[in-house]
Amino acid sequence: MPGWFKKAWYGLASLLSFSSFILIIVALVVPHWLSGKILCQTGVDLVNATDRELVKFIGDIYYGLFRGCKVRQCGLGSRQSQFTIFPHLVKELNAGLHVMILLLLFLALALALVSMGFAILNMIQVPYQAVNGPGGICLWNVLAGGVVALAIASFMAAVKFHVLTERIANFQEKLFQFVVLEEQYEESFWICVASALAHAANLVVVAISHIPLPEIKTKIEEATVTAEDILY
């Protein structure tokens, strides 16, 4: 049985892995990976809008991996519309890259549960095989964190190199053309980053659990026998 010191740190490692699992689920469900400002270029060109009038043609957009929302501003007031990525919009995007991001995150969910299981195993008992011990915990956390990091990098590549926001903004638009003015990553994206950091923190936790505790030695007082004690 591992000592209380290692049990405490392995318990923390299992909690971090479970928190990573929950964070990934939240990131998948909440449609706030990225938000931005979109300009109705067609409306601007039609009325030859000045700089002061551009505000009337700037709308908003936000989306996640499954759905999102767009607010159009084309000079006639705002019009809000909801959209889903599957099954039609994904065809206008880089479908292979988008599906790969989802598969990576689902794989990260499984790896997070495996790393949690290994941490619980080490908290309960000392495994006979080294691969099931602290080395195994580190291995699964490296894999889980790496997969999440790869999913994050793939999403950033889709935004930057495949003009993801612009493609979504112009989906099923026949009369108006939209231009992206600004983009910023939102809470779901940063939640995914936090998930990867949780696995990195687990490596630190496992390293700390192997720090040897100082042994507490008790002094044994030597009994001194005097001549008076012998007489009695």
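Worth knowing before you read on, the calculation uses all heavy atoms, side chains too, and leaves out hydrogens, waters and symmetry mates. Bear in mind that the values here come from a model prediction, so they are computed numbers and not experimental data.
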- [ ] Without swapping roles, check the side chain of Glu166 against the backbone of Val163 for a donor-acceptor pair under 3.5 Å.
- [x] no
TODO: Return the minimal non-hydrogen interatomic distance between His199 and Asn141, and the atom names on each side.
DONE: ND1-OD1, 2.9 Å
- [ ] Kindly work out whether a path of hydrophobic side-chain contacts (I/L/V/M/F/W/Y, heavy atoms less than 4.5 Å apart) joins Leu109 to Val30.
- [x] yes
Open item on the list: Would you say Ile120 ends up clustered with Leu15 if hydrophobic residues are merged whenever their side chains have heavy atoms under 4.5 Å apart, either directly or through other cluster members?
Closed with: no
Open item on the list: To check you understand the geometry: which heavy-atom pair defines the closest contact between Thr42 and Leu175, and what is its length?
Closed with: CG2-O, 3.5 Å
Task: Minimum heavy-atom distance between Val205 and Trp9, given as atom pair plus value - done: CG1-O, 3.1 Å
Task: Value rounded to 0.5 Å, distance of CD1 in Ile101 from CZ in Phe106 - done: 12.0 Å
Task: Hydrophobic cluster (4.5 angstrom, side-chain heavy atoms) - remaining members for Leu203 - done: Val142
TODO: Compare every heavy atom of Ala49 with every heavy atom of Phe57, then report the nearest pair and how far apart it is.
DONE: CE1-CB, 3.9 Å
Open item on the list: Less than 4.5 Å apart, side chain to side chain, heavy atoms only: is that true for Leu34 and Glu186?
Closed with: no
Open item on the list: Please report the interatomic distance CD1(Ile22) to CD1(Ile191), rounded to the nearest 0.5 Å.
Closed with: 11.5 Å
TODO: Looking only at non-hydrogen atoms, find the nearest pair between Ala196 and Val148 and report the distance.
DONE: CB-CG1, 3.8 Å
TODO: Would you give the length of the straight line joining atom CD of Glu183 to atom CD1 of Ile61, rounded to the nearest 0.5 angstrom?
DONE: 9.0 Å
Task: Reference residue Lys70; test side-chain hydrogen bond (donor to acceptor under 3.5 Å, both in side chains); the match among Gln80, Gln82, Glu173 - done: Glu173
Task: Min side-chain heavy-atom separation Ile25-Leu28 under 4.5 Å - done: no
Open item on the list: Are Leu89 and Thr84 packed together at the side-chain level, in the sense that at least one heavy-atom pair is separated by less than 4.5 angstrom?
Closed with: no
Task: Any side-chain donor near an acceptor of the partner, Glu182 and Gln184, under 3.5 Å - done: no
- [ ] Could you tell me which non-hydrogen atom of Ala95 sits nearest to which non-hydrogen atom of Val90, and how far apart they are?
- [x] CB-O, 3.6 Å
TODO: Show your working on side-chain contact (heavy atoms from CB on, under 4.5 Å) between Phe86 and Leu102 and close with a plain yes or no.
DONE: CA-CA 12 Å; Phe86 295 94; Leu102 291 173; 3.6 Å; yes
Task: Gap separating the CG atom of Leu107 from the CG atom of Leu150, nearest 0.5 angstrom - done: 10.0 Å
Open item on the list: Using a 3.5 Å distance criterion without hydrogens, assess whether the side chain of Asn122 forms a donor-acceptor pair with backbone atoms of Phe118.
Closed with: yes
TODO: State the CE-CG distance between Met123 and Leu12, to the nearest 0.5 angstrom.
DONE: 11.0 Å
- [ ] Test Phe161 against Met156 for side-chain contact (heavy atoms from CB on, under 4.5 Å), laying out the working first.
- [x] CA-CA 8 Å; Phe161 300 112; Met156 294 174 70; over 6 Å; no
TODO: Take the angle between the ring planes of Phe176 and Phe178 and call it parallel below 30°, perpendicular above 60°, tilted in between.
DONE: tilted
Open item on the list: What I'd like to find out is whether the side chain of Pro134 reaches to under 4.5 Å of the side chain of Tyr10, using heavy atoms alone.
Closed with: yes
Open item on the list: As an exercise, state the distance from OH of Tyr62 to NE2 of His32, rounded to the nearest 0.5 Å.
Closed with: 5.0 Å
Task: Under 3.5 Å donor-acceptor, Arg167 side chain and His162 backbone - done: yes
TODO: Answer with yes or no whether the hydrophobic clustering places Ile208 together with Trp4; edges join I, L, V, M, F, W, Y residues whose side-chain heavy atoms lie under 4.5 Å apart.
DONE: yes
TODO: For the residue pair Cys192 and Leu105, establish whether any side-chain heavy-atom pair is separated by less than 4.5 Å.
DONE: yes
Task: Joint cluster assignment, Val71 & Ile85, ILVMFWY side-chain distance < 4.5 Å - done: no
- [ ] Measure from the side-chain N and O atoms of His98 to the backbone N and O of Leu65, and report whether any donor-acceptor pair falls under 3.5 Å.
- [x] yes
Open item on the list: I need the full list of ring pair (Phe, Tyr, Trp, His ring centres under 6.0 Å) pairs touching residues 35-55, with sequence neighbours left out, sorted by first then second residue.
Closed with: none
Open item on the list: Is there a continuous path of hydrophobic side-chain contacts, each under 4.5 Å between heavy atoms, that joins Val206 to Val114?
Closed with: yes
Open item on the list: I'd like to know whether the aromatic ring centres of Tyr185 and Trp33 sit less than 6.0 Å apart in this structure.
Closed with: no
Task: Tyr63 side chain near Thr165 side chain, heavy-atom distance below 4.5 Å - done: yes
Open item on the list: Does any part of the side chain of Gln177, heavy atoms only, come nearer than 4.5 Å to the side chain of Asn170, both counted from C-beta?
Closed with: yes
Task: Step-by-step side-chain contact (heavy atoms from CB on, under 4.5 Å) determination, Ile58 to Ile38 - done: CA-CA 6 Å; Ile58 297 177; Ile38 52 175; over 6 Å; no
TODO: Can you spot which of Ser17, Ser20, Ser115, Ser14 makes a side-chain hydrogen bond (donor to acceptor under 3.5 Å, both in side chains) with Asn202?
DONE: Ser17
- [ ] Find out whether Pro31 and Phe66 are in side-chain contact, i.e. whether some heavy atom of one side chain is under 4.5 Å from a heavy atom of the other.
- [x] no
